[in-house]
Amino acid sequence: MTVGPVARDDASAAFFAGTAAGEFRLRHCTACGGSSAPQADQCEHCGSTALDWQPAAGGAAVVSWTVTHSKPAEDGSTHTAVLAIAQLDEGPWWWSQIVDADPAAITVGTRLTISFERAGPDFEAVPVFRLA
């Protein structure tokens, strides 16, 4: 399963500027120092709106996952994808694909690293997970 295509808008521009540079950016609270999900408008810890962007360390752990199967091709073959909810080392949860992974090797707590893939050269780099 491929990712995207995804295109940036005004709300996602800073996040996708990070992914283009190979960074997964989180919202960082300048009031309490907490990390919040990229889409947060206020700190998930103290409620402050004084947020800037900081790159995440790149590690995560599986919280939950599922395996999806594509519609069969004419030859009967299918493709599978592993979709996961993972807790980033900084705390927020992120939903994405675990690429190049055997679904049987995944359990709750499996360590992951963040990577990036594009649907094509004209599209944004999208965060995906790989087994650590």
Side-chain angles (χ1 to χ4, degrees):
M1 175 186 263
T2 59
V3 298
V6 175
R8 76 176 67 193
D9 59 14
D10 290 342
S12 63
F15 178 75
F16 284 122
T19 65
E23 294 178 343
F24 185 95
R25 293 182 180 171
L26 293 172
R27 300 308 307 262
H28 170 259
C29 180
T30 60
C32 76
S35 293
S36 297
Q39 67 275 17
D41 290 329
Q42 67 184 49
C43 178
E44 296 170 2
H45 306 279
C46 73
S48 172
T49 57
L51 304 175
D52 61 11
W53 291 94
Q54 288 195 353
V62 171
V63 173
S64 184
W65 76 102
T66 190
V67 179
T68 64
H69 303 274
S70 68
K71 179 179 174 182
E74 287 185 23
D75 66 1
S77 65
T78 62
H79 294 14
T80 61
V82 180
L83 307 177
I85 301 169
Q87 183 170 16
L88 304 176
D89 289 347
E90 292 79 5
W93 287 11
W94 189 255
W95 294 252
S96 192
Q97 212 179 139
I98 302 175
V99 296
D100 301 328
D102 175 1
I106 300 168
T107 62
V108 170
T110 297
R111 293 294 300 161
L112 305 169
T113 59
I114 297 172
S115 186
F116 303 94
E117 292 194 0
R118 294 177 186 266
D122 297 330
F123 298 105
E124 298 298 335
V126 175
V128 296
F129 293 114
R130 295 184 186 282
L131 297 178

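All figures in this text were calculated on a predicted structure; none of them were measured in a lab.
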Could you pull out the closest heavy-atom pair between A20 and A125, with the gap in Å? N-CB, 4.4 Å
Heavy-atom pair of closest approach, residues P72 and T78: CA-CG2, 3.8 Å
Could you tell me if the side chain of [Y] sits less than 4.5 Å from the side chain of [X], heavy atoms only?
X: S36; Y: L26; result: no
X: V62; Y: I98; result: yes
X: V67; Y: I106; result: no
X: S115; Y: V99; result: no
X: E117; Y: V126; result: no

Do other residues, nucleotides or ligands put more than 12 heavy atoms under 6.0 Å from the [atom1] atom of [X]?
X: D10; atom1: CG; value: no
X: D9; atom1: CG; value: yes
X: W95; atom1: CH2; value: yes

Step-by-step side chain to side chain contact (heavy atoms under 4.5 Å, CB included) determination, L88 to I114: CA-CA 9 Å; L88 304 176; I114 297 172; 3.8 Å; yes
With rounding to the nearest 0.5 angstrom, report the CD to CZ distance, Q42 to R27. 11.5 Å
How many angstroms lie between atom OG of S64 and atom CD of Q87, to the nearest 0.5 angstrom? 13.0 Å
Given the rule in the side chain to side chain contact (heavy atoms under 4.5 Å, CB included) test, do R111 and D89 qualify, once you have shown the distances and angles that lead to the verdict? CA-CA 10 Å; R111 293 294 300 161; D89 289 347; 3.0 Å; yes
Name of the residue among W94, F16, F116 meeting ring pair (Phe, Tyr, Trp, His ring centres under 6.0 Å) with F24: W94
Angle class for the F15/W53 ring planes (parallel below 30°, perpendicular above 60°, tilted otherwise)? tilted
With sequence neighbours excluded, residues passing salt bridge (Lys or Arg N to Asp or Glu O under 4.0 Å) with E124: R8
